[in-house]
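Being a predicted model, the structure only gives us computed values, none of them experimental.
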Amino acid sequence: MKMKNILRYIALVILILTLSNCEGVLDEKPDGNITMDEIFSDNNKVGAWLNSCYTYIPIKGNRYYFWIFGPAAWSDEGWDADAEYNPTMMSGRLYNGVASASDHPILDNPLDAGNGDYWNRYWAGIRLCTIFLDRIDDATVDNPADRKRWKAEAHVLRAWYYMELLMWFGDVLPIEREPYSLDEDFSKLKRASYYEVVKFIQEDCNAALATNELPWRITTSAEGYRVTKACAATIRQKMMLYAASPLNNDGENHWEEAYQISKESLELLKSNGYELYNSVSYPNIYLSDDAFLGPDKNIHSAILNEYFCTTPDFAASPRDKETIFHTNAGQDYIYYRNGIGVQSGFRTSLCPSQELVDAYETIDGQPILDLSNPYLDEQHTLPNYNPDNTLYDPDNPYENRDPRFYASIYYNGSKRKAFWSFDELPASVENYPAPAGYRTRIIATWVGEPKTGTENQKRTGCRTGYYGRKFLHPNSGSNMPIAGSRYKYFRLGEVILDFAEAACEAGHLSESVEAVNEIRRRAGMPDLPDGLTQDELRLRVRNERRVELAFEEPRYFDLRRWTKPGDDLSSTHKWIGAMEITRNSDGTYNYKRRPVRPVERACYTEKYIWLPIPHAEANRLRTLTGEDWQNPGW
């Protein structure tokens, strides 16, 4: 859908949109041959229109290219194993700098069904919501409670779509408070500031929060995947955090406002039953499985790994009280395209970076590197070790680590219990002999290991010495993942860390420390040390976000919003590190850091901070308004 069509009624197109998976009245589909007035004069069709508003929720966790690990491979969290195998596709083009406003691999990927074309899809969602909100007060709705709830849901959805546009494109947006008419004077269209759009998002969220008929939690499967007050509270505080960040604040200090909103939202979530997934939630069904628990059989690793593989629990008192919103997308594709490629026989996709591995502290709570200056060289091959860390051993680098490391990363010597579709080869010395089947396998990532070792071109292989583990169910079998888990788009853990950052930046250091410690205690990590300065605490908060939220998408946006206008991403995106592991004849290993490839990635320059407005859309906006709306560098 083009920009010129977004700014006018698109009735016939709207009326045939695919509906989402809600039941009852929301399953009705509007007839594409009737008028808008007829639609909003019929209860079922009004509900169906709202259902079409749900169509544009980011699917994530599924589809072909934009699953969970997409943004991770486009930041410093990992490397896409397909980049060399297929350099003309998504990550390969980004790494080589082959992107333009008219041909961008993120925006123009035809395989990314349900997620790509962000500019047009989110504007289409906003348009649907705005029309609904304009008409709902006078529409025919049989139940007054439905009218209020549906209106609140549309407010939340519009806020969500604006949030997505802001995160990806920045302050290049007009505010559509009311539907534009056919004879609108579009020459007066104005781009709002980042802060102005965030305040508009807050208006929508506050309207939803003030609606008694909108629940805080979905408690029946029949209403699964509908938005709630918890979504509104989360979006509201997250976008204020982003508005206060250096890239977006236009030189203004909004940190106290971000702190106040984040604090209120967090208190509302907790008072309405949201809490971290913990040992009480955990059913203790994997405790005897060495392949699941990791080398120290740490229950915290098990809890964290299990959390990301749980199925949606729509109940009044669910076992999972942390998840605020699941998307309706299964995580099966993670097994096929983001796991250990040789297991499914298809592809590995994301290989976690050495930089991410370095971010996990040792179990005593000491960072491995100096967080203020982690590397002594541009290519990140010379680590600047933290002199206070006495547990880290470069010759045995995976012992004594944060339990989240074992829950999130498959490393050399770790184990995976699953269905393996091949007989072991003699060269796989840690695993030979063993037939195909359901068994525990040692994940050996040394150079030359024929199945899971580091290899430069094979898409089922490993590029960095590591595989992602976070979303892989520990008991996958029969060559299929265990079905049912859904991508957790919003969760309380991120809200707590949002609050920790806002509190730190606003000078409320003790509250920030306590919020970080809440996350660390759940993970089995010691509290932060006393007496941290604001600068020291800022580094710890940012590192905590990196570890706790690994592969969940925030890192992609965090690294951008923490820059200042005019900066680039060279310190984090230009070089991505790997661990080159060689196996000695006596079974020991040598570890050497190196870049994944000997040439730099090209997606670190300033223009890659934002996505470009599609070229044709930018031209239309210039024609309509006489102003250049395009992002820098595109």
Side-chain angles (χ1 to χ4, degrees), residues 1 5-57 121-162 175-184 200-201 203-229 231-232 314 325 328:
M1 188 177 300
N5 292 327
I6 293 168
L7 303 180
R8 59 199 298 184
Y9 280 105
I10 50 174
L12 291 179
V13 176
I14 292 170
L15 299 181
I16 59 173
L17 289 171
T18 303
L19 305 182
S20 59
N21 291 332
C22 302
E23 293 187 3
V25 66
L26 293 184
D27 283 331
E28 295 295 329
K29 180 177 180 180
D31 184 340
N33 297 314
I34 62 177
T35 67
M36 297 274 284
D37 287 341
E38 289 175 309
I39 292 170
F40 284 92
S41 298
D42 181 278
N43 177 83
N44 288 356
K45 292 181 175 62
V46 173
W49 186 287
L50 174 64
N51 198 36
S52 68
C53 293
Y54 274 85
T55 305
Y56 299 100
I57 286 180
R121 71 177 281 106
Y122 294 133
W123 274 120
I126 289 169
R127 183 63 183 169
L128 285 172
C129 293
T130 302
I131 293 172
F132 185 87
L133 290 168
D134 183 63
R135 287 178 169 264
I136 184 61
D137 287 342
D138 297 321
T140 298
V141 179
D142 295 344
N143 186 339
D146 284 345
R147 185 192 308 275
K148 293 178 180 179
R149 178 174 177 177
W150 293 356
K151 184 176 181 178
E153 289 180 26
H155 277 298
V156 177
L157 291 169
R158 184 168 66 177
W160 192 334
Y161 300 144
Y162 262 112
I175 291 175
E176 186 178 355
R177 192 179 298 276
E178 297 176 350
Y180 293 104
S181 63
L182 288 172
D183 58 354
E184 196 81 31
F200 181 59
I201 288 172
E203 287 181 34
D204 273 338
C205 293
N206 288 336
L209 289 168
T211 303
N212 292 333
E213 290 75 12
L214 184 68
W216 277 96
R217 186 189 296 278
I218 298 301
T219 57
T220 65
S221 59
E223 294 185 341
Y225 313 110
R226 292 177 70 164
V227 295
T228 61
K229 285 185 178 180
C231 295
F314 300 121
F325 188 86
N328 190 24

| request: Test T140 against K45 for side-chain contact (heavy atoms from CB on, under 4.5 Å), laying out the working first. | output: CA-CA 9 Å; T140 298; K45 292 181 175 62; over 6 Å; no
| remark: When rounded to the nearest 0.5 Å, the distance separating OG1 of T55 from CG of L157 is 9.5 Å
| Rounded distance (nearest 0.5 Å) linking atom OG1 of T130 with atom CZ of R135 | 13.0 Å
| message | Quick check for you: to the nearest 0.5 Å, what is the distance between H155 atom NE2 and C53 atom SG? | response | 11.5 Å
| query | Nearest heavy-atom pair of A208 and A152: which atoms, and what distance? | reply | CB-O, 3.8 Å
| query | Hey, is the main chain of I136 close enough, under 3.5 Å, to the side chain of R147 for a donor-acceptor pair? | reply | yes
| request: Indicate the atoms forming the closest heavy-atom contact of A139 with V46, along with that distance. | output: CB-CG2, 4.0 Å
| query | Hey, do the aromatic rings of Y54 and W49 have their centres closer than 6.0 Å? | reply | no
| query | Is there a donor-acceptor pair under 3.5 Å between the side chain of N43 and the backbone N or O of D142? | reply | yes
| query | Rounded to the nearest 0.5 Å, how far does CD of E153 lie from CZ of R158? | reply | 14.5 Å
| Criterion side-chain contact (heavy atoms from CB on, under 4.5 Å) on F325 and V227, from CA distance to verdict | CA-CA 7 Å; F325 188 86; V227 295; 4.1 Å; yes
| message | Whether the side chain of Y161 engages the backbone of I57 through a donor-acceptor N/O pair (distance < 3.5 Å, no angle test) should be reported. | response | yes
| Taking only residues two or more places apart in sequence, or in another chain, which ones meet A154 in a side-chain contact (heavy atoms from CB on, under 4.5 Å)? | L50, F132, L133
| query | Is there a donor-acceptor pair under 3.5 Å between the side chain of E223 and the backbone N or O of T220? | reply | no
| task | State, without any angle test, whether E184 and S181 hold a side-chain donor-acceptor pair at a distance under 3.5 Å. | result | yes
| query | Would you say I39 and I34 make side-chain contact, with heavy atoms under 4.5 Å? | reply | yes
| message | Going by the rule salt bridge (charged side-chain N to carboxylate O under 4.0 Å, His left out), which residues pair with E203 if we only count those two or more places apart in sequence or in a different chain? | response | R177
| What do the steps show when you test Y56 against W123 for side-chain contact (heavy atoms from CB on, under 4.5 Å), and what is the final call? | CA-CA 9 Å; Y56 299 100; W123 274 120; over 6 Å; no
| request: Give a yes or no on whether the backbone of T211 and the side-chain of R149 come within a donor-acceptor separation of less than 3.5 Å. | output: no
| query | Does any non-hydrogen side-chain atom of V156 lie less than 4.5 Å from one of L214? | reply | yes
| request: Please report the C-alpha distance between L209 and W216 in whole Å, then the side-chain angles of each, then the deciding distance to 0.1 Å, and finally whether the side-chain contact (heavy atoms from CB on, under 4.5 Å) criterion is met. | output: CA-CA 9 Å; L209 289 168; W216 277 96; 3.8 Å; yes
| said: My understanding is that only residues two or more places apart in sequence, or in another chain, count here; which of them pass salt bridge (charged side-chain N to carboxylate O under 4.0 Å, His left out) with R217? | reply: none
| message | Between Y162 and E176, is there a side-chain heavy-atom distance shorter than 4.5 Å? | response | yes
